[in-house]
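Notes to accompany the following structure.
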Amino acid sequence: MKILVTGGAGFIGSAVVRLAISRGHEVVNLDALTYAACLDNVASVADAPGYAFEQVDIRDRPALDRVLSDHRPDAIMHLAAESHVDRSIDGPATFIETNVMGTFNLLEAARSYWDGQGRDPAFRFHHISTDEVFGSLGPEGQFTEETPYDPRSPYSASKASSDHLVRAWHETYGLPVVLTNCSNNYGPYHFPEKLIPIVILKALAGEPIPIYGDGSNVRDWLYVEDHADALLLVLEKGAIGRSYNIGGENERSNLDLVRTLCTILDRMAPKEVSYGDQITFVADRPGHDARYAIDPTRIRDELGWRPSVTVEEGLEKTVRWYLDNRDWWQALLDRDGVGRRLGRAS
Ligand SMILES: NC(=O)c1ccc[n+]([C@@H]2O[C@H](COP(=O)([O-])OP(=O)(O)OC[C@H]3O[C@@H](n4cnc5c(N)ncnc54)[C@H](O)[C@@H]3O)[C@@H](O)[C@H]2O)c1
């Protein structure tokens with residue numbers, strides 16, 4: 001299959017690109033190369049036959065039309081987005097422009113391309129979204145695909161809007177779409193402004209390891225390579241118009257997660273005192289959702305998918321990767337805003 005992957009130079013998109021190429025698919029990687037992108041993430045497949053890169057912004061409709069007409073993909077996997085909640089608090093406009101208007105442009109370009117190729121029923125538009133569209137849970141319960149949307153940050157509101165657009169393009173125009181909403185990803189090539197890489201890099205630098213609020217916020221953690229595997233499965237086997245929640249079956253409070261990371265670092269990169277001593281509690285993020293949890297029944301029962309690693313196994317692999325790939329993350333630490341506290345809405 002020839003797959004157009006948007007956002008393929010980002011964290012999850014690059015995992016999808018690497019896995020798709022390794023499984024023999026052709027891939028067109030379309031990415032604007034924002035601050036969050038890194039072409040090193042796909043260096044291992046850049047010379048593979050069947051790989052092509054297009055530096056294109058999804059806000060640029062004529063460029064999207066040109067890419068679709070040049071490459072004629074069988075499917076689109078749409079991951080390009082502004083993805084950092086803290087940045088969405090400081091500057092929501094880009095999130096609306098890329099996540100809402102960019103998705104609208106891509107849907108329109110896809111619809112025109114699909115109409116032009118005779119509305120092939122095998123064509124797919126796979127929209128990749130987040131569990132954050134469902135809002136915040138109390139101590140009990142899980143998000144199912146039927147949970148009403150209740151986004152609470154500019155980021156999640158922009159992703160919720162894009163999900164609605166994708167469903168509307170299916171209902172109104174018949175575009176063959178599938179959607180996925182997944183929990184927090186972690187793993188290799190995670191940009192160093194997100195929680196897990198921040199913890200590892202602050203720990204290694206001997207600096208305070210920041211925890212927002214009291215660290216009681218609970219997230220479900222999904223290893224990025226498991227996520228990429230689930231995404232390709234949904235693309236190939238998911239029912240048209242259906243959405244699938246993808247979770248790691250690994251709920252942890254932020255404080256537990258950080259403590260686990262410190263314990264792994266104590267073992268893999270020992271020093272005189274424990275890395276846990278560097279944990280520091282800082283002012284919470286405004287509107288910080290208390291708990292997210294995914295009910296993965298649909299993807300498990302209908303498509304037979306479940307995660308391959310526990311969070312402990314995935315975190316071990318991740319810490320090992322950061323210890324072995326200092327050149328990758330050192331180069332990113334100078335980028336705009338990285339390492340600075342963002343998203344305090346003050
Ligand atoms: N990271 C997570 O835990 C998580 C969880 C659930 C869902 N998601 C979703 O998965 C997708 C990928 O997330 P990620 O963590 O890999 O994000 P990321 O920030 O690492 O990568 C996003 C990529 O999109 C590109 N991009 C941004 N704006 C663009 C534009 N206007 N045109 C073209 N390319 C543009 C960037 O250059 C970057 O390469 C997003 O849609 C996100 O909402 C992420």
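Both counts, for ligands and for their atoms, begin at 1 and track the order of listing. The model shown is predicted, which means the values in this text are computed figures rather than measured ones. The first residue of the sequence shown is numbered 1, and numbering continues consecutively from there.
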### Query
Is the number of heavy atoms from other residues, nucleotides or ligands under 6.0 Å of Asp120 CG greater than 12?
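Above 12, so yes.
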Please confirm whether [X] and [Y] have ring centers closer than 6.0 angstrom.
X: Trp321; Y: Tyr189; result: yes
X: His170; Y: Phe125; result: no
X: Phe281; Y: Tyr212; result: no

### Task
Apply the test ring-ring contact (aromatic ring centres under 6.0 Å, His included) to residues Phe134 and Tyr292: give CA-CA distance (whole Å), side-chain angles for both, the deciding distance (0.1 Å), then the verdict.
CA-CA 8 Å; Phe134 298 121; Tyr292 306 139; 9.5 Å; no
Are there any N/O pairs under 3.5 Å between ligand 1 and the protein, and if so, what are their distances?
unit_1   : atom_1 : unit_2 : atom_2 : d
ligand 1 : 3 (O)  : Asn185 : N      : 2.8
ligand 1 : 16 (O) : Phe11  : N      : 3.3
ligand 1 : 16 (O) : Ile12  : N      : 2.7
ligand 1 : 17 (O) : Ser83  : OG     : 3.3
ligand 1 : 19 (O) : Ser83  : OG     : 2.7
ligand 1 : 20 (O) : Phe11  : N      : 3.0
ligand 1 : 31 (N) : Asp57  : OD1    : 2.9
ligand 1 : 31 (N) : Thr98  : OG1    : 3.0
ligand 1 : 32 (N) : Ile58  : N      : 2.9
ligand 1 : 34 (N) : Ala32  : N      : 3.1
ligand 1 : 37 (O) : Asp31  : OD1    : 2.5
ligand 1 : 37 (O) : Thr34  : N      : 3.0
ligand 1 : 37 (O) : Thr34  : OG1    : 3.1
ligand 1 : 39 (O) : Gly10  : N      : 3.0
ligand 1 : 39 (O) : Asp31  : OD1    : 3.3
ligand 1 : 39 (O) : Asp31  : OD2    : 2.6
ligand 1 : 41 (O) : Leu79  : O      : 3.0
ligand 1 : 41 (O) : Lys159 : NZ     : 2.6
ligand 1 : 43 (O) : Tyr155 : OH     : 2.6
ligand 1 : 43 (O) : Lys159 : NZ     : 3.1

#### Entry: Verdict with supporting geometry, Asn99 and Ser162, side chain to side chain donor-acceptor pair (under 3.5 Å)
CA-CA 6 Å; Asn99 301 359; Ser162 65; over 6 Å; no
